[in-house]
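Whatever order the structure lists ligands and atoms in, that order sets their numbers, starting from 1.
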Amino acid sequence: MNPLVAPESTQRHSGRCALSVNVNKVALLRNTRHLGIPSVLRAAELCLQAGAQGITVHPRPDARHIRTQDVHELAQLLKAWPHAEYNIEGNPTQNLMDFIREVRPHQATFVPDSEDQFTSDHGWNLPADETRLRPLIEACHALGVRVSLFMDPQPSAMVHAARVGADRVELYTESWASAWGTAREDEVLRGFADTAAAALAQGLGVNAGHDLNRDNLTRFVREVPGVAEVSIGHALIADALELGYTQTVRDYQRCIQLAYA
Ligand SMILES: CC(=O)[C@@H](O)[C@H](O)COP(=O)(O)O
Ligand SMILES: NCC(=O)COP(=O)(O)O
């Protein structure tokens, strides 16, 4: 049994939302010199020591940040953290499946990005993408890897995500981050809550990510039902440049805990 593989049933976090730190941006800074610093591995280790329940990477085909060596070194690191999860994101029609076969992370998050995309900015188009996703999801399941589909907050799409065989959806939260602090905040959050409720009704787990930060995280986790995991990178790493990884992870964990207060 691959030590990195954890069936869906082993929720490591007693039903509360887990924090998975995306270390893409540490790799982005490291890649601007040939000095190996800042260390991606050290960043992940410090975040795990501070209480993060997982590490996320998105090894894009152009290797702008996370590189193949990072993916494998982090897999090795995570074997020493049996209660933490490894989440590898990417487009399964590009380079993702090689990493899944080689590393067998706890979770694969399918993201429909093009190879040169600036950043992730949309979810899958279901049911249109169903035919090409189904065998890829089955291949992950055959390896014991949970599959999460990156999805826009559309309640009607959840039945299709379940039908194609996904275990979870990851709600693309950029529209929440943009609405936070504006007159549209309540309306946009209701859309996420409705989408999460629809996902849960289909037996799907609910993850969330993109542009989450210390300001917009607590209300999201409090009012969107059943969020099992948030994967946060850009804002968290930016905060860590000021506060350090340890204090930053503790701050984000506190934001999550406040949602249950
Ligand atoms: C899928 C998603 O929203 C993010 O996880 C993604 O990894 C961001 O990619 P960049 O870090 O390359 O912007
Ligand atoms: N899936 C979202 C993720 O891993 C990180 O997104 P961001 O916090 O860098 O926007």
Side-chain angles (χ1 to χ4, degrees), residues 17-32 38 40 43-44 47 52-67 70-71 74 84-96 99 105-124 146-153 161 166-180 192 196 205-218 220-221 224 227-241 245 248-249 251-253 255-256:
C17 178
L19 172 64
S20 183
V21 176
N22 182 312
V23 292
N24 290 354
K25 299 301 162 44
V26 181
L28 190 68
L29 180 56
R30 184 227 23 225
N31 292 351
T32 55
V40 171
C47 291
Q53 286 100 353
I55 297 296
T56 291
V57 292
H58 192 149
R60 294 184 179 275
D62 64 8
R64 69 187 74 166
H65 39 54
I66 294 293
R67 294 169 172 166
D70 297 318
V71 175
L74 288 166
E85 289 205 346
Y86 197 15
N87 175 39
I88 304 181
E89 302 182 325
N91 190 324
T93 68
Q94 294 167 3
N95 62 335
L96 178 65
F99 288 118
H106 300 84
Q107 178 174 263
T109 297
F110 288 5
V111 187
D113 285 1
S114 61
E115 298 214 3
D116 60 353
Q117 196 157 316
F118 177 67
T119 187
S120 308
D121 63 8
H122 64 280
W124 291 97
R146 177 199 313 145
V147 175
S148 177
L149 295 182
F150 196 61
M151 298 293 289
D152 297 311
D167 303 290
R168 296 191 185 180
V169 291
E170 176 178 341
L171 304 183
Y172 170 44
T173 49
E174 187 282 331
S175 58
W176 162 243
S178 298
W180 186 86
F192 279 93
V206 177
N207 293 348
H210 205 93
D211 287 343
L212 293 174
N213 60 38
R214 284 179 295 170
D215 294 326
N216 62 37
L217 181 55
T218 299
F220 187 89
V221 174
V224 175
V227 179
E229 173 191 288
V230 288
S231 44
I232 307 177
H234 195 91
L236 189 149
I237 300 303
D239 289 334
L241 289 175
Y245 295 116
T248 298
V249 167
D251 286 356
Y252 277 77
Q253 288 287 25
C255 291
I256 292 171

Between E89 and ligand 2, which residue portion shows a heavy-atom distance shorter than 4.0 Å: side chain, backbone, both, or neither? side chain
For T119, atoms of ligand 1 separated by under 4.0 Å from a heavy atom: 8 (C), 9 (O), 10 (P), 13 (O)
Protein residue, atom and distance nearest to atom 3 (C) of ligand 2, heavy-atom basis: S231 O, 3.4 Å
Using a 4.0 Å heavy-atom cut-off, say whether F150 meets ligand 1 through its side chain, its backbone, both or neither. side chain
Exercise: identify the closest heavy-atom pair between V23 and I66: O-CD1, 3.9 Å
Can R60 and D62 be counted as an ion pair, charged N to O under 4.0 angstrom? no
Taking 4.0 angstrom as the limit and counting only heavy atoms of N22, give me the atoms of ligand 1 inside it, by number and element. 5 (O), 7 (O)
Quick one: nearest non-hydrogen protein atom to atom 1 (N) of ligand 2, plus distance? E170 OE2, 2.5 Å
May I ask you to list the atoms of ligand 2 that are less than 4.0 angstrom from any heavy atom of G209? 2 (C)
Gap between atom OH of Y86 and atom CG of L74 - 0.5 Å precision: 4.5 Å
The protein heavy atom nearest to atom 4 (O) of ligand 2 is N22 ND2, 2.8 Å
Ranked by distance from atom 6 (O) of ligand 2, the top protein heavy atom is H210 CA, 3.7 Å
When you measure from atom 4 (C) of ligand 1 to every protein heavy atom, which one gives the shortest distance, and what is it? E89 OE1, 3.6 Å
Atoms of ligand 2 under 4.0 Å from any heavy atom of T56, numbered from 1 in the order shown, are 4 (O)
Check this for me, if you would: do D251 and R214 make a salt bridge, where the nitrogen-to-carboxylate-oxygen distance has to be below 4.0 angstrom? yes
Quick one: are H122 and M151 in side-chain contact, heavy atoms under 4.5 Å? no
I need the nearest protein heavy-atom contact for atom 11 (O) of ligand 1: residue, atom name and distance, please. N24 ND2, 2.8 Å
Within less than 4.0 angstrom of ligand 1, does K25 place any heavy atom? yes
Might you work through the ring-ring contact (aromatic ring centres under 6.0 Å, His included) test for Y172 and H210, ending with a clear yes or no? CA-CA 6 Å; Y172 170 44; H210 205 93; 5.3 Å; yes
Distance col, row E170:CD vs F110:CZ, nearest 0.5 angstrom, shows 13.0 Å
Of the listed options Q117, H65, R64, H58, closest to atom 12 (O) of ligand 1 (non-hydrogen atoms): H65
So which heavy atom in the protein is nearest atom 9 (O) of ligand 2, and how far is it from that ligand atom? H234 N, 2.8 Å
Does an N or O from D211, backbone or side chain, lie closer than 3.5 Å to an N or O of ligand 2? yes
Min side-chain heavy-atom separation V40-R30 under 4.5 Å: yes
D121 side, atom CG; T119 side, atom OG1 - distance, nearest 0.5 Å: 7.5 Å
Using 0.5 Å steps for rounding, measure from the CG atom of D215 to the CG atom of L212. 11.5 Å
Within the 3.5 Å criterion, strictly below it, is a donor on Q107 or N87 matched to an acceptor on the partner's side chain? yes
Is it the case that ligand 2 has an N or O less than 3.5 angstrom from some N or O of G233? yes
Are any of the N/O atoms on K25, whether in the backbone or the side chain, positioned under 3.5 angstrom from an N/O atom of ligand 2? no
In terms of ring plane angle, is the pair H58 and H65 parallel, tilted or perpendicular, where the classes change at 30° and 60°? perpendicular
Could you find the nearest protein heavy atom to atom 1 (C) of ligand 1 and give me its residue, atom name and distance? S120 OG, 3.3 Å
Any idea which atoms of ligand 1 are less than 4.0 Å away from a heavy-atom of H210? 2 (C), 3 (O), 4 (C)
Close side-chain approach of I88 to V71, heavy-atom, < 4.5 Å: yes
Atom 9 (O) of ligand 1 sits nearest the protein heavy atom R60 NH2, 2.9 Å
